[in-house]
K.L.:
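Okay, handing you the structure first.
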Amino acid sequence: MTPLEFDQHHLWHPYTNVTRPGPTFVVKEAEGVWLALDDGSRVIDAMSSWWSTIHGHRHPVITKAVHDQLDRLPHVMFGGLTHDPAIELGQRLLDLAPDTMQRIFYCDSGSVSVEVALKMAVQYQVSLGRPDRCEFATIRQGYHGDTWKAMSVCDPVTGMHHLFTGALSIQHFVDRPPIAIDADWSDDPARNGLGALEALLDENQDRIAALILEPVVQGTGGMYFYHPEYLNRARALCDAHDIVLIFDEIATGFGRTGKMFAADHTGVQPDILCLGKAITGGTMSFATTMTNDKIAEGIGGGDPGLFMHGPTFMANPLACAAAGASLSLLQRGDWQGQVAAIEAQLQAELAPARALPGVADVRVLGAIGVIEMDHAVSADIAHGHCKEMGVFLRPFGKKIYTMPPFVTAPDELRQITAAMLHLAKVL
C-alpha cells in the first residue's frame with residue numbers, strides 16, 4: 001500500500017466521503033506561496049491553507065521563533081504558571097486590537113475561540129443575576145465553526161450543519177444584512193435589515209445573552225461582504241438591550257480585508273473578539289478570545305467568580321512564540337501595501353468573469369477574491385484542473401474564491417486569477 005493509498009483508506013479529511021475520497025495531493029515541502037508535491041510538481045497555495053499563511057509558508061522569522069522556543073520551553077500548563085511568550089504576545093495583541101479589548105484568553109483553535117466567547121457571554125449574564133439569558137442572536141448565512149455550540153449559531157438552513165438541527169440549541173436568526181459593502185446605505189430599517197434585528201431583540205431580550213456576527217465579511221457561509229454601517233446600528237441595539245456583542249474575526253483578522261480587523265471599516269468595538277487562523281501566520285493551531293473589562297469584571301464579580309474554561313494546551317509557548325513573531329512581521333511590514341496591491345489586481349483580473357455564462361457575481365475586498373456561480377461547483381473536479389495550472393484552489397458551494405498569502409507576487413497572483421477564470425468556464 002502506497003502512502004497515498006493508506007491515506008485514502010484510513011485518514012478522514014475535512015468534509016470528505018470516505019467511500020469516495022476525491023483527489024488528494026501529497027505535499028512534501030512548502031515555502032513562500034508554493035507547495036511542492038511528491039511527483040515533483042509545484043502549486044501555488046491560493047487558499048493560504050484555509051486563510052492562515054498570510055506571510056507565506058516557512059517564513060524564516062516565525063520558523064526561528066519556534067525553533068528557539070522549542071529549545072527552551074515547548075509546553076507548560078497555564079494554570080498557576082505563565083511564561084514570556086504568552087506575555088509578549090499579549091502585549092502585541094493589545095497594540096493591534098481595538099483599545100477596549102483588554103483581557104486575553106488563549107485558545108486552541110478558532111472554533112474553540114467561539115465556544116469561549118459564547119460561554120463568556122452566558123456567564124456574564126448569569127453573574128448579573130440573569131440566568132435566563134442563555135440564548136444567542138445572529139444573522140443568516142454566517143459560519144462560526146464546527147464545534148457543538150458554534151454550530152448552533154451557523155445558518156441552520158444553508159449552512160453545513162443543518163443535519164444536526166434537532167440536536168442543537170435553538171438560536172435566534174435574522175436575515176443577513178441586505179445592503180452590500182459597495183452599495184449606498186439606506187436609513188430605512190425595512191431596507192437595511194435593522195428593523196428585523198430590533199424586533200427580534202425586543203421580543204427576546206430576556207432570553208438572549210449575545211449577538212454574534214462576522215463583521216463586514218461572511219466567510220464560509222457565503223463569502224458575502226455587507227455594509228459596515230450595519231455594525232454601528234447593531235452596536236446601538238445591543239447597548240439598548242444590554243446584550244453582549246461578539247465579533248468573530250477568525251477569518252478576517254490581521255489584515256485580510258485591507259484593515260487590521262474587519263471592524264476597522266467602522267468605529268464599532270465589540271464586547272468580545274474572536275481571533276484565530278492567521279494569528280500564528282499559519283504555523284500551528286492557535287486562537288484567542290479577547291474581551292473588555294466590563295465582561296471580564298462582570299464574570300469576576302459573580303458566582304463562582306472564575307471563568308469556567310481551561311484547555312490543557314492553553315497558551316502553549318510554541319504557539320505563542322509563533323504568534324508573536326507573526327504579529328511582529330505585521331507591525332513592522334507593509335502588509336497594507338501588499339493587500340492593496342492584491343485587491344487592485346484581483347479587481348482588474350477577475351472583472352472579465354462577469355461576462356461569462358453561469359457567473360452570478362464577482363466580489364473583491366482586500367486579499368479576498370470571489371467568483372460566485374449560479375450553480376454548485378465541484379472541488380474534486382476543480383483540483384484536477386488547477387493542478388495542471390500550478391494552483392491549488394478549493395471551491396465550495398457556488399463559490400470559486402481565493403485568499404492568497406499577502407506575499408503573493410503579481411505574476412503568481414496572475415496565475416491564480418487565470419485558474420479561477422478557467423474554473424468559471426469549465427465547472
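Because the structure is a prediction, the values reported are computed rather than measured. For reference, positions follow the sequence shown, starting with 1.
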K.L.:
Check step by step if side chain to side chain donor-acceptor pair (under 3.5 Å) holds for Glu412 and Trp34.
P.N.:
CA-CA 10 Å; Glu412 294 164 338; Trp34 292 93; 3.0 Å; yes

K.L.:
Going through the distances and angles, do Thr289 and Ser113 end up as a side chain to side chain contact (heavy atoms under 4.5 Å, CB included)?
P.N.:
CA-CA 5 Å; Thr289 306; Ser113 172; 3.0 Å; yes

K.L.:
To the nearest 0.5 angstrom, please state how far the CD atom of Gln8 sits from the CE atom of Met1.
P.N.:
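Spacing of CD (Gln8) from CE (Met1) equals 10.0 Å.
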
K.L.:
Are side-chain heavy atoms of Pro228 and Ile181 found at a separation under 4.5 Å?
P.N.:
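They are in side-chain contact.
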
K.L.:
Within the supplied structure, the quantity of interest is the number of heavy atoms (other residues, nucleotides, ligands) at a distance under 6.0 Å from His375 NE2; does it exceed 12?
P.N.:
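Enclosed.
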
K.L.:
State, without any angle test, whether Asn204 and Arg207 hold a side-chain donor-acceptor pair at a distance under 3.5 Å.
P.N.:
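Arg207 and Asn204 do have a side-chain donor-acceptor pair below 3.5 Å.
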
K.L.:
Tell me, do Leu327 and Phe254 make a side-chain contact under 4.5 Å, heavy atoms counted?
P.N.:
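They are in contact (side-chain heavy atoms under 4.5 Å apart), so the answer is yes.
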
K.L.:
Might you point out which heavy atoms bring Pro85 and Gln69 nearest each other, and give the distance in Å?
P.N.:
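Looking at all heavy atoms of both residues, the shortest contact is CG-OE1, 3.2 Å.
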
K.L.:
Taking atom types as modelled, find out whether Tyr15 and Asp146 have a side-chain donor-acceptor pair closer than 3.5 angstrom.
P.N.:
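Asp146 and Tyr15 do have a side-chain donor-acceptor pair below 3.5 Å.
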
K.L.:
A quick test of your reading: do over 12 heavy atoms of other residues, nucleotides or ligands sit less than 6.0 Å from NZ of Lys425?
P.N.:
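Atom NZ in Lys425 is not packed in, count stays at 12 or less.
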
K.L.:
Does a donor on one side chain sit under 3.5 Å from an acceptor on the other, for Thr252 and Glu249?
P.N.:
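Yes - a donor-acceptor pair under 3.5 Å links their side chains.
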
K.L.:
For the pair His59 and His55, name the ring-plane relationship: parallel under 30°, tilted 30 to 60°, perpendicular over 60°.
P.N.:
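Ring orientation of His59 relative to His55: perpendicular.
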
K.L.:
Please say whether more than 12 non-hydrogen atoms of neighbouring residues, nucleotides or ligands are located less than 6.0 Å from CZ in Arg354.
P.N.:
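Correct, the count exceeds 12.
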
K.L.:
Asp132 and Gln125: side chain to side chain donor-acceptor pair (under 3.5 Å), yes or no, with the steps?
P.N.:
CA-CA 8 Å; Asp132 291 338; Gln125 298 289 2; over 6 Å; no

K.L.:
Nearest 0.5 angstrom please: Asp175 CG to Leu197 CG, how far?
P.N.:
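One finds 11.0 Å between CG of Asp175 and CG of Leu197.
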
K.L.:
For Glu203, I'd like to know if atom CD has over 12 heavy atoms of other residues, nucleotides or ligands within 6.0 Å.
P.N.:
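Open: at most 12 neighbouring heavy atoms sit under 6.0 Å from CD of Glu203.
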
K.L.:
Taking the six-membered ring for Trp, are the ring centroids of Tyr401 and Phe396 within less than 6.0 Å of each other?
P.N.:
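Distance test on ring centres: under 6.0 Å, yes.
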
K.L.:
Classify the ring geometry between Phe313 and His75 as parallel (under 30°), tilted (30 to 60°) or perpendicular (over 60°).
P.N.:
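Ring orientation of Phe313 relative to His75: tilted.
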
K.L.:
Do you know the tightest heavy-atom contact between Ser111 and Ala150?
P.N.:
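Closest heavy-atom pair between Ser111 and Ala150: O-CB, 4.5 Å.
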
K.L.:
Is there a side chain to side chain donor-acceptor pair (under 3.5 Å) between Lys119 and His309? Walk through the geometry before answering.
P.N.:
CA-CA 8 Å; Lys119 288 177 74 172; His309 198 89; 3.0 Å; yes

K.L.:
Kindly assign one of parallel, tilted or perpendicular to the pair His383 and Phe25, based on the angle between their ring planes and the thresholds 30° and 60°.
P.N.:
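Tilted.
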
K.L.:
For Arg176, is there an ion pair with Asp155 - N to carboxylate O distance below 4.0 angstrom?
P.N.:
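The answer is no: the pair does not qualify as a salt bridge.
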
K.L.:
Do Ile272 and Leu245 come close enough that some side-chain heavy atom pair is under 4.5 Å?
P.N.:
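No. Closest side-chain heavy atoms not under 4.5 Å.
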
K.L.:
Using 0.5 Å steps for rounding, measure from the CE atom of Met420 to the CG atom of Leu427.
P.N.:
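The distance works out to 11.5 Å.
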
K.L.:
Mind checking the NZ-CG spacing from Lys259 to Asp264? Nearest 0.5 Å is all I need.
P.N.:
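Taking NZ in Lys259 and CG in Asp264, the distance rounds to 7.0 Å.
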
K.L.:
Check the pair Val66 / Met284 against side chain to side chain contact (heavy atoms under 4.5 Å, CB included), numbers first and verdict last.
P.N.:
CA-CA 10 Å; Val66 174; Met284 61 185 68; 4.2 Å; yes

K.L.:
Using 4.0 Å as the upper bound for N to carboxylate O, is an ion pair formed by Arg103 and Asp293?
P.N.:
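Looking at Asp293 and Arg103, the cut-off is met.
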
K.L.:
Counting neighbours of CG on Asp188 that are heavy atoms of other residues, nucleotides or ligands and sit closer than 6.0 Å, is the number greater than 12?
P.N.:
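It does: Asp188 CG has more than 12 such atoms within range.
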
K.L.:
Counting C-beta onward and ignoring hydrogens, is there a side-chain heavy-atom pair between Ser127 and Glu297 closer than 4.5 Å?
P.N.:
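Not in contact.
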
K.L.:
Taking all heavy atoms of Asn316 and all of Pro74, pick out the closest pair and write down the distance.
P.N.:
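Asn316 and Pro74 have their closest heavy atoms at ND2-O, 3.0 Å.
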
K.L.:
Would you say Thr24 and His13 are linked by a side-chain donor-acceptor pair, where the criterion is simply a distance under 3.5 Å?
P.N.:
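There is no such pair between these side chains.
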
K.L.:
To check you understand the geometry: which heavy-atom pair defines the closest contact between Ile250 and Lys277, and what is its length?
P.N.:
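That closest heavy-atom pairing would be O-CB, 3.3 Å.
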
K.L.:
Kindly compute the distance separating CD1 (Ile371) from CE (Met223), expressed to the nearest 0.5 Å.
P.N.:
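One finds 12.0 Å between CD1 of Ile371 and CE of Met223.
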
K.L.:
Check whether any side-chain heavy atom of Ser48 lies under 4.5 Å from a side-chain heavy atom of Ile54, and answer yes or no.
P.N.:
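Of all side-chain heavy-atom pairs linking Ile54 with Ser48, none is under 4.5 Å.
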
K.L.:
Does Phe286 reach the side chain of Leu89, with side-chain heavy atoms less than 4.5 Å apart?
P.N.:
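Phe286 vs Leu89: side chains touch.
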
K.L.:
Consider only side-chain N and O atoms of Asn192 and His227, and report whether a donor and an acceptor are under 3.5 Å apart.
P.N.:
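Per modelled atom types, Asn192 and His227 side chains form no pair under 3.5 Å.
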
K.L.:
Pair Asn17, Thr19 - check side chain to side chain donor-acceptor pair (under 3.5 Å), show working.
P.N.:
CA-CA 5 Å; Asn17 184 331; Thr19 66; 2.5 Å; yes

K.L.:
With ring centroids as reference points, do Phe261 and Phe247 lie under 6.0 angstrom apart?
P.N.:
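Centroid distance Phe261-Phe247: not below 6.0 Å, so no.
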
K.L.:
Calculate, to the nearest 0.5 Å, the distance between atoms CZ and CH2 belonging to Arg233 and Trp185 respectively.
P.N.:
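The distance works out to 6.0 Å.
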
K.L.:
Please lay out, stage by stage, how His241 and Asp206 fare under the test side chain to side chain contact (heavy atoms under 4.5 Å, CB included).
P.N.:
CA-CA 9 Å; His241 294 83; Asp206 292 337; over 6 Å; no

K.L.:
Specify the closest pair of heavy atoms between Gln123 and Leu306, including all atoms of both residues, with the distance to one decimal.
P.N.:
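Scanning both residues completely, I find the closest heavy atoms to be NE2-O, 2.5 Å.
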
K.L.:
Evaluate the criterion side chain to side chain contact (heavy atoms under 4.5 Å, CB included) for residue pair Asp242 and Arg130; output intermediate values, then yes/no.
P.N.:
CA-CA 11 Å; Asp242 204 6; Arg130 301 187 290 226; 2.9 Å; yes

K.L.:
Just so I know, are the side chains of Ile400 and Val370 near enough to count as touching, which here means a heavy-atom distance under 4.5 Å?
P.N.:
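The answer is no, as the side chains (C-beta and beyond) never meet within the 4.5 Å cut-off.
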
K.L.:
Report yes or no: is the cationic atom of Arg363 (NZ for Lys, CZ for Arg) closer than 6.0 Å to the six-membered ring centre of Tyr224, at no more than 45° off its axis?
P.N.:
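No cation-pi geometry.
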
K.L.:
Hey, can you tell me if His385 and His422 have their rings parallel, tilted or perpendicular (30° and 60° cut-offs)?
P.N.:
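The rings of His385 and His422 sit tilted, inter-plane angle from 30° to 60°.
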
K.L.:
If we only count heavy atoms from C-beta on, is the Val27 to Leu37 side-chain gap below 4.5 Å?
P.N.:
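Val27 reaches Leu37 side chain to side chain.
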
K.L.:
Kindly give the heavy-atom pair with the smallest separation between Arg394 and Met47, and that separation in Å.
P.N.:
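Shortest heavy-atom separation between Arg394 and Met47 comes out as N-SD, 3.5 Å.
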
